[in-house]
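Only heavy atoms go into these numbers, but all of them, side chains included; no hydrogens, no water, no symmetry mates.
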Amino acid sequence: MTQTSFPPTDASGPDLAGQPDQATVDLLGLLAYGELTAFERLATDARMSPTLGDKIALAAMAAAEFSHFQAICGELDRLGVDREHAMAPFIGPLTAFHNSTAPADWLESLVKAYVGDNIAADFYREIATRLPSPSRELVLNVLDDTGHAAFAIDRVRAAIEANPTVAGRLALWARRLVGEALTQAQRVGVDRDALTGLLVGVGDLDALAAIFNRLMAAHGRRMAALGLSA
């Protein structure tokens with residue numbers, strides 16, 4: 001990630017004029033648009049559901065994502081920030097990510113939501129700890145699982161048991177998703193100095209390496225839960 005210079009201000013609190021800091025606005029805007037697109041994707045993926053029960057489950061998860069979107073917008077309203085303005089910088093990067101990782105079938109859509117979305121959520125959790133309250137608590141709550149983890153694990157493992165050959169394809173797909181997600185995160189960080197400032201504020205290179213190691217460890221556990229090789 002490109003090294004950027006920052007003014008000597010606290011990136012985790014309001015400025016002297018009482019306005020919300022840019023890092024908080026950026027992270028809330030990024031998450032708001034992410035939750036909105038998650039809602040759209042889950043609603044679309046529901047059309048590929050092989051059973052009515054699966055369709056109902058995904059519809060419920062989509063509703064939960066939209067509820068998260070509304071909660072974030074409520075926080076932006078509380079801070080006096082225009083929600084569309086806050087989301088605007090992230091439309092391009094997130095749209096590019098989703099366009100480049102469109103799932104070809106039901107199983108790929110489950111892996112994308114479970115693996116791709118969760119590695120991004122892990123990253124956001126790491127930097128959200130530097131946000132001021134109550135934005136910090138809201139972000140951490142919004143990033144909680146909506147039930148997709150258990151659902152995806154059950155369906156993917158059942159599919160692998162029925163046809164073991166799909167495991168290799170899904171493992172390759174998951175690796176691609178992680179690569180694309182990390183590339184997207186880097187692009188956003190370069191474009192948004194305030195978000196990069198949150199990472200710089202984490203500490204030295206050892207601290208940043210520890211974050212990356214935690215992300216990869218969590219990813220490995222998710223892959224194992226799916227029955228896939230990392």
Side-chain angles (χ1 to χ4, degrees), residues 1-41 62-98 116-146 181-204 207-208 210-212 214-215:
M1 187 173 293
T2 303
Q3 184 67 35
T4 310
S5 298
F6 303 96
T9 57
D10 182 2
S12 62
D15 60 25
L16 295 178
Q19 298 299 312
D21 65 281
Q22 191 60 48
T24 298
V25 173
D26 279 353
L27 187 56
L28 290 174
L30 173 58
L31 288 175
Y33 193 69
E35 293 293 338
L36 183 60
T37 57
F39 159 73
E40 293 175 327
R41 283 172 28 237
E65 299 291 2
F66 193 75
S67 178
H68 287 168
F69 166 73
Q70 291 177 309
I72 297 170
C73 286
E75 179 66 2
L76 287 168
D77 292 344
R78 185 189 71 82
L79 295 172
V81 177
D82 181 88
R83 58 184 65 175
E84 293 186 22
H85 181 76
M87 289 188 282
F90 309 105
I91 294 175
L94 289 182
T95 299
F97 170 72
H98 291 305
D117 289 1
N118 273 308
I119 196 167
D122 288 344
F123 176 73
Y124 299 148
R125 285 189 195 95
E126 292 282 357
I127 63 176
T129 58
R130 286 182 49 79
L131 296 182
S133 294
S135 296
R136 177 176 63 249
E137 290 77 16
L138 173 67
V139 168
L140 294 175
N141 181 62
V142 162
L143 291 173
D144 281 346
D145 178 46
T146 59
L182 293 176
T183 298
Q184 174 225 328
Q186 183 181 33
R187 183 179 301 119
V188 169
V190 169
D191 291 343
R192 307 301 295 179
D193 285 354
L195 287 179
T196 309
L198 286 177
L199 276 180
V200 171
V202 166
D204 57 21
L208 292 174
I211 289 177
F212 182 79
R214 287 195 293 271
L215 294 179

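- The side-chain contact (heavy atoms from CB on, under 4.5 Å) test applied to A86 returns V25, L76, V81, not counting sequence neighbours.
- Summarising the geometry, atom CD belonging to E84 is positioned 8.5 Å from atom CD1 belonging to I91; distances are rounded to the nearest 0.5 Å.
- Listed by chain and residue number, L131, S133, L140 satisfy the side-chain contact (heavy atoms from CB on, under 4.5 Å) test with R136 (two or more places apart in sequence, or in another chain).
- When every heavy atom of V139 is checked against every heavy atom of L28, the shortest pair comes out as CG2-CD2, 3.8 Å.
- Contact check on R83 versus D77 returns a salt bridge, with a Lys/Arg side-chain nitrogen under 4.0 Å from an Asp/Glu carboxylate oxygen.
- In terms of modelled atom types and a separation under 3.5 Å, the side chain of D21 and the main chain of T24 share a donor-acceptor contact.
- A search for side-chain contact (heavy atoms from CB on, under 4.5 Å) contacts involving D117 returns R41, A113, not counting sequence neighbours.
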Q: Could you please spell out the steps behind the side chain to side chain contact (heavy atoms under 4.5 Å, CB included) verdict for F97 and T183?
A: CA-CA 9 Å; F97 170 72; T183 298; over 6 Å; no
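- For the atom pair CD1 (I127) and CG (D26), the distance works out to 9.5 Å, reported to the nearest 0.5 Å.
- With contacts defined as side-chain heavy-atom distances shorter than 4.5 Å, the pair I72/E35 qualifies.
- Residues that satisfy the salt bridge (charged side-chain N to carboxylate O under 4.0 Å, His left out) test with D144, not counting sequence neighbours, are absent from this structure.
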Q. Which is it for Y33 and T95 under the side chain to side chain contact (heavy atoms under 4.5 Å, CB included) test, yes or no, and what are the steps along the way?
A. CA-CA 10 Å; Y33 193 69; T95 299; 3.7 Å; yes
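- Residues meeting the salt bridge (charged side-chain N to carboxylate O under 4.0 Å, His left out) test with E75, sequence neighbours left out: R78.
- With values rounded to the nearest 0.5 angstrom, E40 atom CD is found 9.0 Å from F69 atom CZ.
- With rounding to the nearest 0.5 Å, the separation of CZ in F90 from CG in L27 is 8.0 Å.
- Every pair tested for side-chain hydrogen bond (donor to acceptor under 3.5 Å, both in side chains) that includes a residue from residues 64-73 fails, sequence neighbours excluded, so the list is empty.
- M87 CE to L31 CG: the interatomic distance, rounded to the nearest 0.5 Å, is 11.5 Å.
- Atoms CG and CG, from L138 and L143 in turn, are 9.0 Å apart once rounded to the nearest 0.5 Å.
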